[in-house]
Number of protein chains: 2
Amino acid sequence: MKPGGHSEAVEMYLKSLAVLGGARQPVAVAQLAEKLQVTTVSANEMLHRLSRDGLVTHQPYRGFQLTEAGRETAWDVIRRERLWERFLVDQLKLDPARAIGWACQLEHATAPEVIEALDGFLQYPATCPQGQPIPRSADDAVHGEGRMLSEAEIGERVRLTAFDDEDPEVLTYLQRQGLAIGQVVSVVEMGPRRSPLTLRLENGQAVIGRDLALTIQTERVA
Amino acid sequence: MKPGGHSEAVEMYLKSLAVLGGARQPVAVAQLAEKLQVTTVSANEMLHRLSRDGLVTHQPYRGFQLTEAGRETAWDVIRRERLWERFLVDQLKLDPARAIGWACQLEHATAPEVIEALDGFLQYPATCPQGQPIPRSADDAVHGEGRMLSEAEIGERVRLTAFDDEDPEVLTYLQRQGLAIGQVVSVVEMGPRRSPLTLRLENGQAVIGRDLALTIQTERVA
DNA sequence: CCACATTAGAAGGTAAACCTTATTTTCACA
DNA sequence: TGTGAAAATAAGGTTTACCTTCTAATGTGG
Ligand SMILES: [Mn+2]
Ligand SMILES: [Mn+2]
Ligand SMILES: [Mn+2]
Ligand SMILES: [Mn+2]
């Protein structure tokens, strides 16, 4: 047993459940299996074990959902991950896109005392490098609540507040395009349907697909 | 597989082998089993697996010894542990006695890039909080080479350079006695045989058993 | 030199997480 | 309302790292 009393595998299932479904909706086995890179049979097996242990509930043919106990642990794992991300990026100056993977290792090997001390050392950061909130009080959300970039109107100026996609390829791509958290952009052009968005940046321009814009949280700028 | 390609269990066996026997002598199974808190049968099993994989050699009825490959990994694990110890103690201000255990978790979850960045962040420290060297070039020693406190003569002034015993109880005891790495002490009194030593500290006095004094490295002071 | 503790090995077992292949159940929607 | 995809279950297998109990070999100290 690791620090929190759960194995690394269990922690990963719980974390994924929280990220994919939050407290709201149940998550389909196939989705979990996809994210964790295991077969659906393996995911099923594990999820039943978690159900047996009271960490998730199962609505057959609908999906699995965290219980209060499960959410508790998931929340804690996410907290550990995001604090480590901050440390790796801010203090060690490592690449944010790759830091996620490294933090995902460290998160399972970190005792509560260490995480609390790290939190203080970093001066209680509010978000991870991708802009997602670092949960601190018992029922903090796992995801930000911003309006998605894809919903912006032409000419509107918005600030990028969070990237929901954690794929290093995607994050590196965004970085290359000059898009960063905190950055203010305005939508110059946006075709109908699934067509890409053209953005004006502080210096320069960027074009990104609608699918990607759907994973970027924003807030209105005065 | 963890960062270095070896499981946590394997890394712990290799590290222990290095600490207990270095490159010099073979280590008895019973000693390993004791340190790792497993049965001798389990230790035997595992050591044979390591032997099969070319990480250790076995001289029947004499013990197991690291090969070059095994030493390589052991050295790296020790390096990771000691760098984390430094971070936990110096930056996070955590108790050195307990930091060892926490570092022993983190050491198995740390990618090479992270360790190199951490090393730089800490400005390439030479030793861990207990004074043991942090290996950096390929064939650095795992242990310091100081003269043991138990060999000091009466009236002699020595500086404490390293504590070999990693038991948190022991380290806490030493701390309570006012003994710290770097501290200069002089031997006031020392009975014959296994009798305790009386030391004069910068401010105060301390009495410690001969067994304990046997685990404390020192260097002569001008 | 021989007894006894240490070391080795043999046999069988557990639990966690994975896997594959195959079958059955159910839901959604066309 | 029937059917096909998704979900669930069944069955059997693997690897790692533990465990216990028992027996056999060995090297050293008295
Ligand atoms: Mn993880
Ligand atoms: Mn993040
Ligand atoms: Mn360890
Ligand atoms: Mn140390």
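In what follows, chains are A, B, ... by sequence order, proteins preceding strands, each numbered from 1.
- With D/dA8, D/dT9, C/dC18 as the candidates, the nucleotide lying closest to the side chain of A/V29 is D/dA8.
- At whole-Å resolution of the value, CD in A/E45 and P in D/dG13 are 15 Å apart.
- Protein atom CZ of A/R62 is 10 Å distant from nucleotide atom P of C/dC27, rounded to whole Å.
- A/R79 and A/E116 are joined by a salt bridge, as a carboxylate oxygen and a charged side-chain nitrogen come within less than 4.0 angstrom of each other.
- When the side-chain nitrogen and oxygen atoms of B/R49 are compared with OP1 and OP2 of D/dT16, none of them lie within a distance under 4.0 Å.
- Following rounding to the nearest Å, A/L50 (CG) and C/dA16 (C1') show an atom-to-atom distance of 12 Å.
- Mapped onto DNA chain C by nearest heavy atom, A/V10 and A/P60 fall at different nucleotides, with A/V10 at the one closer to the 5' end.
- Defined by atom type and a distance below 3.5 Å, a donor-acceptor pair is present between the side-chain atoms of B/D164 and B/Q132.
- Following rounding to the nearest Å, B/M46 (CE) and D/dT15 (P) show an atom-to-atom distance of 16 Å.
- Distances shown here put every side-chain N or O of A/S7 at or beyond 4.0 Å from the OP1 or OP2 atom of C/dA16.
- For B/Y61 against C/dT6, a side-chain-to-base donor-acceptor contact under 3.5 Å is absent.
- The shortest distance between the side-chain N/O atoms of B/T39 and the OP1/OP2 oxygens of D/dC19 is below 4.0 Å.
- Look at B/H58 and you'll find a side-chain N or O under 4.0 angstrom from OP1 or OP2 of C/dA8.
- Counting to the nearest Å, the C1' atom of D/dT16 and the NE2 atom of B/H48 are 17 Å from each other.
- For A/Q59 and D/dA8, the CD to C1' distance is 15 Å, given to the nearest whole Å.
- At whole-Å resolution of the value, CG in A/L32 and P in C/dA17 are 15 Å apart.
- Side-chain to base pairing of B/Q37 with D/dC18: no donor and acceptor N or O lie closer than 3.5 Å to each other.
- Between A/F64 and A/H58, the angle of the ring planes stays under 30°, which puts this pair in the parallel group of the 30/60° scheme.
- Summarising the geometry of B/P133 relative to B/R82, their closest heavy-atom pair is O-NH1, 2.6 Å, with the distance given to 0.1 Å.
- Side-chain proximity of A/S42 to the nucleotides C/dT21, D/dC19, C/dC18 is greatest for C/dC18.
- For A/V187 against A/A152, the heavy-atom pair with the smallest separation is CG2-CB, 3.7 Å.
- If you take CG of B/N44 and P of D/dT21, they are 18 Å apart, rounded to a whole angstrom.
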